[in-house]
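The structure under discussion appears below in the form of structure tokens.
Protein chains get the first letters and strands the later ones, always in sequence-line order, with residue 1 at the start of each. Everything numeric in this text was worked out from a predicted model, so none of it was measured.
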Protein chains: 2
Amino acid sequence: MRADAQRNAEKLRAAAAELFQERGLKVPLKEIARRAGVSHGTLYNLYGTREALIDEVVTDLAAGRLDEVAEHALSFGDAWDGFAYYVEKVCELQATDPAVADVVSGRYPRAELLMAVCDRAQTASTRIIERAQRAGSLRPDFTSEDLLLVFGSSALLARAAAGAAPGAWRRGVAFLLDGLRTEAVRGPLPVAPLTTQQMYDVLGGLTANP
Amino acid sequence: MRADAQRNAEKLRAAAAELFQERGLKVPLKEIARRAGVSHGTLYNLYGTREALIDEVVTDLAAGRLDEVAEHALSFGDAWDGFAYYVEKVCELQATDPAVADVVSGRYPRAELLMAVCDRAQTASTRIIERAQRAGSLRPDFTSEDLLLVFGSSALLARAAAGAAPGAWRRGVAFLLDGLRTEAVRGPLPVAPLTTQQMYDVLGGLTANP
DNA sequence: ATCCAACTTGACCCGGGGGTCAAGTTGGAT
DNA sequence: ATCCAACTTGACCCCCGGGTCAAGTTGGAT
């Protein structure tokens with residue numbers, strides 16, 4: 001590979017990482033090329049597909065952070081606390097970083113590394129779930145598939161609410177967690193209730209996809 | 001209005017109702033015209049905007065059914081049962097009819113009648129919620145804004161899961177309801193857990209908007 | 001210094017959805 | 001039967017995003 005191509009590949013990688021983090025993995029490829037200061041033809045030359053570009057940055061963008069959270073969740077003394085921490089933290093990551101959200105829940109089957117990250121996440125989820133279930137604090141009929149769907153939904157909510165009601169997703173997660181633990185503890189909600197206007201705004205963003 | 005225009009308006013109304021029910025309120029206007037056997041120019045002549053067309057059919061498509069469910073929910077002897085019935089039934093309506101889903105959660109602020117239906121739904125929700133809270137069976141920090149967001153999320157999930165795992169939304173609703181009631185009752189789940197493959201399929205449909 | 005393969009560029013293609021409007025057709029009043 | 005306003009039509013325009021490729025440029029080996 002020639003030196004200039006190398007440089008361009010790097011510029012594209014950087015631009016992609018930036019834009020993925022700002023706007024998610026579905027950002028137009030031409031826009032990535034524009035930010036990299038390069039023709040979109042060059043992007044196609046060097047990477048060919050969006051998936052290849054994703055695989056190029058997914059490790060930096062998401063893998064490490066997700067692994068960290070999972071690891072920390074397993075280090076909690078109380079299994080339920082670990083589980084709750086995991087759910088909240090993953091949702092928080094998703095809320096603050098659209099790239100993470102799309103990695104966890106966006107399906108790009110052609111992006112091998114992304115799929116690998118996804119599998120790791122599910123494996124971690126399973127371990128955290130089973131630990132809490134063994135401790136008797138998490139309902140036994142909850143599966144890691146359920147959890148990944150929760151992550152997917154929460155990511156959509158968080159993105160829709162980012163402008164009008166940041167943190168709204170925390171209420172949803174709180175309700176859900178209270179339904180998942182075996183004890184009848186109803187924790188206080190972490191965020192104030194939404195106004196009707198906020199709710200309408202969020203609802204609007206929920207169906208109009210970015 | 002001339003007789004032929006009248007007929008075309010009716011054909012368009014019918015086609016819109018059909019397609020809205022099949023594919024939701026975002027269906028391309030040109031497709032509605034096609035199904036009506038009419039040029040899309042005519043659609044623009046007679047209705048001008050998507051919102052006008054929506055207002056034309058929203059009452060038939062959604063208003064009555066939503067009102068019915070709300071009314072029935074209030075007729076339950078047990079306030080919690082009424083609340084749970086309401087949540088499940090509205091989600092079920094949404095799952096079986098994309099038009100209802102978009103009416104409840106899709107934001108079309110320019111469609112006056114749709115907004116009216118929406119307001120009615122929120123009013124009904126408030127009454128059902130407050131009744132259950134007065135009875136002490138629903139946690140007091142749950143608001144009608146929360147509920148409408150639940151409806152919005154569930155609608156997305158149901159649509160995404162329609163092909164791969166119909167009924168998957170019921171698990172989510174069940175978890176949530178268990179987190180909303182004050183007693184520590186954990187009902188049995190209404191549907192079998194998803195396979196990993198199903199979960200992946202649903203997750204895919206969740207981000208790829210129809 | 002030469003030269004060619006490697007690389008870049010941007011014009012161009014596609015399809016999809018929203019929207020407009022001049023030209024042609026037709027209902028129905030007279 | 002005539003006639004014109006009301007109506008319909010489909011070609012045309014827009015923007016967007018994905019994708020291709022001939023022509024032009026340039027790195028770097030010789």
Side-chain angles (χ1 to χ4, degrees), chain A residues 1-16 18-20 22-57 98-99 102 106-111 114 204 207-210, chain B residues 1-16 18-20 22-56 98-99 102 106-111 114 204-205 207-210:
Chain A
M1 179 178 259
R2 242 165 60 178
D4 55 343
Q6 196 79 52
R7 277 195 309 272
N8 284 335
E10 181 44 41
K11 279 193 273 180
L12 283 165
R13 224 194 69 93
E18 271 181 40
L19 279 167
F20 284 161
E22 288 169 20
R23 317 229 316 256
L25 300 183
K26 285 185 299 203
V27 86
L29 292 182
K30 284 180 181 172
E31 205 161 327
I32 295 177
R34 207 178 312 136
R35 176 154 322 181
V38 138
S39 152
H40 64 274
T42 299
L43 187 157
Y44 284 105
N45 281 339
L46 295 178
Y47 290 100
T49 67
R50 156 177 257 107
E51 282 76 16
L53 203 40
I54 290 175
D55 269 354
E56 197 66 26
V57 297
D102 284 347
R107 241 61 291 299
Y108 287 88
R110 305 290 198 72
L114 181 148
T207 42
N209 261 34
Chain B
M1 180 177 256
R2 244 167 56 179
D4 55 342
Q6 196 79 53
R7 279 196 308 274
N8 284 335
E10 181 45 41
K11 279 193 273 181
L12 282 165
R13 224 193 69 92
E18 271 181 41
L19 279 167
F20 285 161
E22 288 169 20
R23 318 230 313 257
L25 299 183
K26 284 185 298 204
V27 86
L29 292 182
K30 284 180 182 174
E31 206 160 328
I32 295 177
R34 208 178 311 135
R35 174 152 328 178
V38 139
S39 152
H40 65 274
T42 298
L43 188 157
Y44 284 105
N45 280 339
L46 296 177
Y47 290 100
T49 67
R50 156 178 256 107
E51 281 76 16
L53 204 39
I54 290 175
D55 269 355
E56 196 66 27
D102 284 347
R107 237 68 282 302
Y108 286 89
R110 304 290 198 73
L114 182 147
T207 41
N209 261 35

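Nucleotide C/dC21 is matched to D/dG10 when pairs are restricted to Watson-Crick or G-U wobble geometry with both distances under 3.5 angstrom. In this structure, C/dG16 forms a base pair with D/dC15, meeting either the Watson-Crick or the G-U wobble geometry with both donor-acceptor distances under 3.5 Å. Pair assignment for C/dG28: D/dC3, on the basis of Watson-Crick or G-U wobble contacts that are both within less than 3.5 Å.
In summary, B/Arg7 and B/Glu10 do not engage in a salt bridge, as defined by a charged side-chain N under 4.0 Å from a carboxylate O.
Heavy-atom distances to DNA chain D give each of A/Pro28 and A/Thr42 a nearest nucleotide, and the one nearer the 5′ end belongs to A/Pro28. Nucleotides of DNA chain C nearest to B/Asn45 and B/Lys30 differ in position, and the one nearer the 5' end is that of B/Lys30. Both B/Met1 and B/Gly41 lie near DNA chain C, and the one whose nearest nucleotide falls closer to the 5' end is B/Gly41.
For the side chain to side chain contact (heavy atoms under 4.5 Å, CB included) criterion with A/Leu43, the lone passing option out of A/Asn8, A/Leu12, A/Thr49 is A/Leu12.
Side chain of B/Lys26 to backbone of B/Gly106: no donor-acceptor contact under 3.5 angstrom is found. No donor-acceptor pair closer than 3.5 Å links the side chain of A/Tyr47 to the backbone N or O of A/Ile54.
A straight line from CG of A/Leu53 to C1' of D/dG17 spans 15 Å, rounded to a whole angstrom. What separates OH of B/Tyr47 from P of D/dT8 is a distance of 11 Å, to the nearest Å. If you measure from atom OH of B/Tyr44 to atom P of D/dA11, you get 17 Å, rounded to the nearest angstrom. If you measure from atom CZ of A/Arg34 to atom P of C/dT8, you get 19 Å, rounded to the nearest angstrom. In this structure, NZ of A/Lys11 is placed 13 Å from C1' of C/dT9, rounded to the nearest angstrom. Between the CG atom of B/Leu43 and the C1' atom of D/dT8 there is a distance of 12 Å, given to the nearest Å. Rounded to whole Å, atom C1' of C/dG10 lies 17 Å from atom CG of A/Leu29. Protein atom CG of A/Leu12 is 13 Å distant from nucleotide atom C1' of C/dC7, rounded to whole Å.
For A/Ser39 and C/dG10, the shortest distance from a side-chain N or O to OP1 or OP2 is not below 4.0 Å.
At a threshold of 4.5 Å between non-hydrogen side-chain atoms, the residues A/Asp55 and A/Tyr108 do not count as touching. Between B/Leu114 and B/Leu25 there is a side-chain heavy-atom pair separated by less than 4.5 Å. Residues A/Leu29 and A/Tyr44 are in side-chain contact: their nearest non-hydrogen atoms beyond the backbone lie under 4.5 Å apart.
Taking 3.5 Å as the limit, the base of D/dT20 and the side chain of A/His40 contain a donor-acceptor pair of atoms between them.
Near DNA chain D, defined here as any heavy-atom distance below 4.0 Å, the residues from residues 2-10 of chain B are B/Arg2, B/Asp4, B/Ala5, B/Asn8, listed numerically.
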